[in-house]
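Below: the structure, in structure tokens.
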Protein chains: 2
Amino acid sequence: MQHLSIFNGISQEELSRMLRCFHAVQKTFRRGQQIQTYSSSLKKIGILLSGKAHLYCVDFDGSYTLLERFGPDDLFGEMFSLPLWGLEYIVEADTDCQVLFVLYEDIIKRCPNACDHHSQLSDNLFQIITRKSQALSLRINLLTARTVRQRLLHYLTYQQKLKGEGSFSIDMSLTELAEYLGVDRSSLMREIRVLKSEGALASKGRLFSLSGNLPWQTRKKNGGSS
Amino acid sequence: MQHLSIFNGISQEELSRMLRCFHAVQKTFRRGQQIQTYSSSLKKIGILLSGKAHLYCVDFDGSYTLLERFGPDDLFGEMFSLPLWGLEYIVEADTDCQVLFVLYEDIIKRCPNACDHHSQLSDNLFQIITRKSQALSLRINLLTARTVRQRLLHYLTYQQKLKGEGSFSIDMSLTELAEYLGVDRSSLMREIRVLKSEGALASKGRLFSLSGNLPWQTRKKNGGSS
DNA sequence: CTTCATCTGTAGCATTTGCCACAGTTTTGT
DNA sequence: ACAAAACTGTGGCAAATGCTACAGATGAAG
């Protein structure tokens with residue numbers, strides 16, 4: 001458990017003492033169970049120890065929107081989503097998973113006991129929320145692109161940079177990717193098909209490989225003669 | 001200056017001592033000037049004391065995308081955007097503005113001097129980045145809506161909840177709103193026009209007022225008779 | 001091995017959207 | 001007061017997108 005980034009730099013021994021010190025509660029959830037609904041509890045932070053989960057909200061019209069996906073080391077809680085907004089927020093387990101609950105105050109405030117690693121803990125916490133913020137910015141950058149083509153190309157180029165040269169395979173299923181990019185799945189498939197036909201990329205399933213210069217613009221086909 | 005949320009709970013006197021302690025630098029910028037480009041400096045945090053600014057990035061294809069807007073009390077720096085990604089990030093002043101620069105380490109780490117308000121400071125910092133994260137989530141929630149109509153209605157409904165009953169006027173110009181919603185400006189105007197013709201809302205300029213039940217769906221006009 | 005569920009891939013069509021281009025209005029700056 | 005810039009508002013048109021439906025592929029569970 002001490003490998004978690006929020007507990008970085010804190011020994012196992014120290015950790016167990018601290019966990020007791022700030023009333024940490026560990027629970028196990030089954031696939032499909034609701035882990036947390038954002039309504040009552042104020043500053044409760046959930047730390048996903050193992051498994052996968054996701055946060056979605058029930059919209060005005062009853063439809064639900066996927067907001068975030070969580071893997072090991074991820075944090076969630078009303079602090080990280082919006083406090084206002086009359087919607088219902090629900091964290092649900094995608095697989096069986098273990099969750100640790102703590103209160104923000106207990107982490108950030110110094111405790112009466114001699115646990116002097118609290119400052120290390122708040123540093124870790126800050127780093128994590130910072131990374132989350134970066135991830136959100138990244139997605140926004142993708143979503144503000146107007147066309148499916150641009151969003152896809154943005155995403156793939158970024159993955160390319162991450163995974164190094166040559167072909168690479170993406171983490172999510174194409175269905176998930178479509179949702180992540182905020183486009184219809186079939187539209188995404190269509191765009192992939194078109195890009196392939198243009199020779200801009202090669203792909204099979206989740207495996208992609210990009211060619212040199214990518215055709216970001218399709219519209220504006222003003223290249224007509226005369 | 002002590003009214004800023006990052007300096008909440010810290011007296012003016014204490015503050016000036018701390019500012020010296022962690023090498024804070026205050027600068028003034030003119031409208032249109034570049035405040036910071038994200039490239040070299042690692043953990044530098046900018047605190048906007050007065051004025052307005054915005055963060056944008058230069059994309060692969062040379063186009064620029066607006067990422068965030070900043071007002072008083074807002075923080076910016078490479079920590080809050082993405083570190084990777086070969087793009088250029090630039091913070092630019094919209095109006096004349098004053099900025100305070102500090103280093104993350106100097107805030108989060110305890111200093112040799114007797115400044116014991118550092119924990120208060122890190123708490124404030126955490127609250128701020130948390131609010132920023134919430135704002136990003138909110139925008140993502142808007143951007144994942146598929147149609148212009150849904151995005152606009154989402155946004156307006158949210159504003160309605162914020163500003164209370166009756167008519168309300170939005171903070172940005174319609175041009176800015178279009179960019180915020182990630183849609184073409186004329187498309188936004190068109191949708192407003194259509195919604196007005198449907199009686200779903202009334203508006204003049206930035207002033208809106210919504211009617212009872214809103215028509216989220218346009219497509220799927222299976223309501224035809226016979 | 002078989003069954004069931006999820007995912008990948010394709011296609012047609014109506015709708016929506018982006019992209020101009022232009023005119024009137026408001027705001028800003030000098 | 002005047003000029004310049006930014007903003008609001010409208011229209012047409014081609015292109016992009018979402019929606020629906022279906023079929024094969026893949027993978028998980030019994």
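The chains referred to below are lettered A, B, ... by the order of the sequence lines, with proteins before strands, and numbering in each begins at 1. Any value given below was found using the heavy atoms of this structure, including those in side chains, with hydrogens, waters and symmetry copies removed.
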Quick one: which of [options] gets closest to the side chain of [X]?
X: T147(B); options: dG18(C), dT17(C), dC19(D); result: dT17(C)
X: V183(B); options: dA21(D), dT17(C), dG18(C); result: dG18(C)
X: M189(A); options: dT17(D), dT17(C), dT8(C); result: dT8(C)
X: L174(B); options: dT17(D), dG12(D), dG9(D); result: dG9(D)

Tell me: [atom1] of [X] to [atom2] of [N], nearest whole Å?
X: K204(B); N: dG9(D); atom1: NZ; atom2: P; answer: 6 Å
X: R190(A); N: dC22(D); atom1: CZ; atom2: P; answer: 18 Å
X: W216(A); N: dA15(D); atom1: CH2; atom2: C1'; answer: 20 Å
X: Q150(B); N: dC19(D); atom1: CD; atom2: C1'; answer: 13 Å
X: L181(A); N: dT17(D); atom1: CG; atom2: P; answer: 12 Å
X: L207(B); N: dC7(D); atom1: CG; atom2: C1'; answer: 16 Å
X: D184(B); N: dT17(D); atom1: CG; atom2: P; answer: 14 Å
X: E191(B); N: dG18(C); atom1: CD; atom2: C1'; answer: 13 Å

For residues S169(A) and L207(A), report the shortest heavy-atom separation together with the two atoms involved.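 Answer, listing the atom of S169(A) first, then L207(A): CB-CD1, 3.7 Å.
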Nearest 0.5 Å, please: how far is NZ in K52(A) from CG in D74(A)?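 D74(A) atom CG to K52(A) atom NZ measures 11.0 Å (nearest 0.5 Å).
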Quick one: label S173(A) by what it contacts on the DNA or RNA (base, sugar-phosphate, nothing), any heavy atom closer than 4.0 Å.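 The answer is sugar-phosphate, as S173(A) gets under 4.0 Å only of primed atoms, P, OP1 or OP2.
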Checking all strands, does R151(A) fall into the base, sugar-phosphate, or nothing category for heavy-atom contacts under 4.0 angstrom?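 Nothing, no heavy atom under 4.0 Å.
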[N], OP1 or OP2 - any side-chain N/O from [X] closer than 4.0 Å?
X: R206(A); N: dT8(C); answer: yes
X: T175(B); N: dA6(D); answer: no
X: S186(B); N: dT17(C); answer: no

For [N], does the base pair up with any side-chain atom of [X] as donor and acceptor (N or O, under 3.5 Å, distance only)?
X: R193(B); N: dG11(D); answer: no
X: R31(B); N: dG29(C); answer: no
X: R185(B); N: dG18(C); answer: no
X: S187(A); N: dC19(D); answer: no

Note: R151(B)-E191(B) ion pair, threshold 4.0 Å (strictly below):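 No, this pair does not count.
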Quick one: do D96(B) and R31(B) make a salt bridge, cutoff under 4.0 Å?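 A salt bridge is absent here (no side-chain N lies under 4.0 Å from a carboxylate O).
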By ring-ring contact (aromatic ring centres under 6.0 Å, His included) - contacts of F168(B) (at least two apart):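 ring-ring contact (aromatic ring centres under 6.0 Å, His included) list for F168(B), sorted by chain: empty.
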Go through the side-chain N and O atoms of E78(A) and Y89(A) and say whether any donor and acceptor fall under 3.5 Å apart.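 No, no side-chain donor-acceptor pair sits under 3.5 Å.
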